[in-house]
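Owing to the predicted nature of the structure, the values given are computational and were not obtained by experimental measurement. Start at 1 and go down the list; that is how both ligands and their atoms are numbered. Computation of the quantities below employed the complete heavy-atom set of this structure, encompassing side-chain atoms and omitting hydrogens, waters and symmetry-equivalent molecules.
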Amino acid sequence: MTKKWWQNAVVYQVYPRSYQDSNGDGIGDLAGLTQRLPYIKRLGADVIWLNPIYKSPDKDNGYDISDYQSIQSAYGTMADFDHLLDSAHQQGLKLLMDLVVNHTSDQHDWFQQSRQSKDNPYADYYIWRDPVDGHEPNNWGSYFSGSAWTFEPKRNQYYLHLFAPGQPDLNWENPQVRQEVWNLMRFWLDKGVDGFRMDVINLISKPAGLPDAPQAPGAAYGDSQPIVSDGPKLNDYLREMNDEVLSHYDVMTVGEMPGSTPKDAITYTGLNANELNMVFQFEHVGLSPNPDARLGKWNAVPVKLTELKDSLSRWQTALDGKGWNSLYWNNHDQPRAVSRFGNDTPEFRERSAKMLATTLHMMQGTPYVYEGEELGMTNVHYTQLDQYEDLESLNAYHELVDDQHIVDQPTMLKYLSHISRDNARTPMHWDDSTNAGFTTGQPWFALNPNYPTINAADQLDQDDSVFNYYRRLIALRHSSDLIVLGSYEELGPEDDQVFAYKRHYQGQTLLVMSNFTDQTVTRDYGQAEASERLIGNYADDQGTTLRPYETKVYMFK
Ligand code: TEU
Ligand code: CA
């Protein structure tokens with residue numbers, strides 16, 4: 001299999017509003033990101049995935065787009081974007097945009113016209129249905145709480161919004177909608193953008209008849225995700241997208257696919273599928289949900305290592321030679337990796353951050369580093385509701401605590417603290433000056449108070465910092481086809497302390513061993529016969545001994 005450039009690449013995700021403010025308004029912007037490109041280059045990343053920067057009312061921090069071909073004014077101008085893209089290319093960095101086309105903002109012109117009547121040119125750009133017995137057309141709940149339907153008196157109909165009411169779902173059955181999407185994709189690709197991360201792209205094909213969804217006993221609504229994800233026409237739409245747009249450019253595409261299985265993923269990323277290059281699947285980040293289905297992801301139970309190993313190993317094995325994985329621990333929707341999967345206490349934070357990075361980056365797939373992960377940034381450990389700003393967290397609190405009394409306030413605050421998206425959205429830690437050098441103004445969102453001890457300035461020139469460990473890990477991947485293309489062999493699936501696996505390629509073998517506990521253990525996988533230890537998070541190597549959160553990678557030639 002000839003290696004594609006995106007198989008060898010490492011992607012760095014930038015959440016622009018929290019990355020670098022350049023004009024003192026407290027909001028990160030494109031000019032600020034442009035100033036920080038040398039930092040991303042120094043890390044060794046090849047590609048930047050930029051969360052949405054399009055014009056938006058910002059009800060969901062840019063995932064509600066009102067104009068796909070203009071820049072949100074807080075981020076700057078189209079000239080600022082052109083300068084950013086040009087600077088990135090000059091520094092050997094590619095740039096992926098975030099394609100959010102399952103839905104638009106309700107402020108988008110298309111929706112403003114569509115809602116006026118049933119016979120305007122945009123009437124069928126969205127999913128409108130008549131009331132059924134005076135009520136919503138089915139029992140679907142929004143993923144941001146409440147019903148997935150909102151009534152529009154002008155049409156005497158409901159419109160579907162899987163997310164917030166300000167995010168009406170586009171009607172992908174309408175060929176005119178698909179043409180509009182192909183055109184806006186070409187607009188950005190013709191500017192030289194290197195590809196797209198596609199927001200919830202596996203939700204765009206809804207099931208025929210929009211049937212009721214499974215409803216947990218006592219839940220106010222049905223959970224549509226199992227019957228909406230990977231819908232009947234998804235492959236057709238993705239193949240049409242490829243024929244119409246993607247195949248005409250040398251681009252990288254990654255589809256965000258909540259609910260997809262390895263089998264689904266192979267149909268989208270199959271090496272001759274002509275659909276997408278890779279997917280973000282959600283299995284490992286969806287582990288240890290609340291046993292009460294009405295609470296979904298809101299829980300505070302750590303992920304079991306055996307379940308984490310089973311999930312990641314199944315994806316590695318299933319896609320090997322058939323498709324391509326994306327590799328991630330966190331993003332702007334997930335809590336910080338070192339807090340969720342490692343140990344963010346002062347004694348073990350750095351060690352476990354390096355261990356997690358090694359465990360993931362030595363696998364087959366394209367690794368994604370979320371801004372600040374390379375520093376070992378942690379969750380904020382919020383304690384009060386007024387510390388949150390994310391509508392998913394706030395809506396969930398009000399629905400589950402105030403409206404439905406399914407959970408009490410202290411318990412829900414514990415759940416939010418553990419898994420709220422806001423943990424990932426606090427501004428980047430550049431140095432120990434006021435507001436961590438993120439802004440000279442009042443930051444849009446409070447910083448994590450631990451920025452004086454966890455910041456880039458402290459780490460750039462410190463050889464054993466988390467930053468420089470990530471830099472060495474990325475350089476190692478760039479140097480090795482065994483790491484990029486090797487097959488995967490899981491070791492000790494029942495082991496609930498150590499995550500070990502092997503990679504094999506053209507007669508060479510890699511052995512990766514990671515201790516996920518704060519205990520010292522011993523494991524012998526024949527490392528004594530290895531030709532060398534390629535990387536590890538302790539200065540020395542004590543053979544079969546694995547110290548707390550110790551990770552090490554051996555090469556067998
Ligand atoms: O996320 C979709 C998604 O599945 C997550 O929102 C998920 O529901 C939860 O937040 C994490 O378990 C995408 C974007 O990444 C997210 O930021 C947007 O809010 C959402 O779609 C709507 O566009
Ligand atoms: Ca700014």
Quick check: does any side chain N or O of Asp21 sit under 3.5 Å from a backbone N or O of Pro443, one acting as donor and the other as acceptor? no
Is His103 in polar range of ligand 1, meaning some N or O pair under 3.5 Å apart? yes
Would you find more than 12 non-hydrogen atoms of other residues, nucleotides or ligands less than 6.0 Å from His398 atom NE2? yes
The Ca ion (ligand 2) is nearest to which N, O or S atom of Asp29? OD2
Counting each atom of ligand 1 from 1 as listed, which ones have a heavy atom of Arg425 under 4.0 Å away? 17 (O)
Heavy-atom count around Lys191 NZ within 6.0 Å, excluding the residue itself: above 12? yes
Option of least heavy-atom distance to atom 16 (C) of ligand 1 (set: Asp333, Asn202, Val200): Asp333
Identify, by atom number and element, the atoms of ligand 1 in contact range of Phe282, meaning under 4.0 Å from any of its heavy atoms. 4 (O)
Under 4.0 Å from one or more heavy atoms of His332, ligand 1 contributes atoms 14 (C), 15 (O), 16 (C), 17 (O)
Using the Ca ion (ligand 2) as the vertex, how large is the angle between OD1 of Asp21 and OD1 of Asn23, rounded to 10 degrees? 70°
Between Leu391 and Arg421, does a side chain to side chain contact (heavy atoms under 4.5 Å, CB included) hold up when you go through it step by step? CA-CA 10 Å; Leu391 83 167; Arg421 306 193 299 182; 3.8 Å; yes
Name the residue from Phe280, Phe196, Tyr15 that meets the ring-ring contact (aromatic ring centres under 6.0 Å, His included) definition with Trp49. Phe280
Please report which non-hydrogen protein atom sits nearest to atom 7 (C) of ligand 1, along with the residue it belongs to and the distance in Å to one decimal place. Glu392 OE2, 4.1 Å
Numbered in order shown, the ligand 1 atoms found under 4.0 Å of a heavy atom of Glu256 are 1 (O), 2 (C), 3 (C), 13 (C), 15 (O)
If you compare His161, Arg421, Gln225, Lys297 by their heavy atoms, the one closest to atom 11 (C) of ligand 1 turns out to be Lys297
Looking only at distance, does Asp199 have an N or O less than 3.5 Å from an N or O of ligand 1? yes
Just jot down the ligand 1 atoms closer than 4.0 angstrom to any heavy atom of Phe144, in number order. 19 (O)
Nearest N/O/S atom of Asp25 with respect to the Ca ion (ligand 2), by atom name, please. OD1
Without swapping roles, check the side chain of Trp188 against the backbone of Gly195 for a donor-acceptor pair under 3.5 Å. no
Quick check on the 6.0 Å ring-centre criterion: do Tyr268 and Trp324 meet it? no
Would you mind checking which non-hydrogen protein atom is closest to atom 18 (C) of ligand 1, with the distance to 0.1 Å? Asp60 OD2, 3.3 Å
Which protein heavy atom lies closest to atom 20 (C) of ligand 1, and at what distance to 0.1 Å? Phe163 CE2, 3.8 Å
Say whether Arg197 and ligand 1 are in contact under the criterion: heavy-atom distance to a ligand atom below 4.0 Å. yes
Any N, O or S atom of Ile27 closer than 3.0 Å to the Ca ion (ligand 2): yes
Looking just at side-chain N and O atoms, do Trp315 and Glu283 make a donor-acceptor pair shorter than 3.5 Å? yes
Looking at Glu136, is its backbone amide N or carbonyl O close enough to the side chain of Arg129 to form a donor-acceptor pair, meaning the two atoms are under 3.5 Å apart? no
Look only at the side chain of Ser87 and the backbone of His83, and say whether a donor-acceptor pair between them is shorter than 3.5 Å. yes
Candidate pair Leu99 and Thr253, rule side chain to side chain contact (heavy atoms under 4.5 Å, CB included), full reasoning: CA-CA 10 Å; Leu99 185 69; Thr253 53; over 6 Å; no
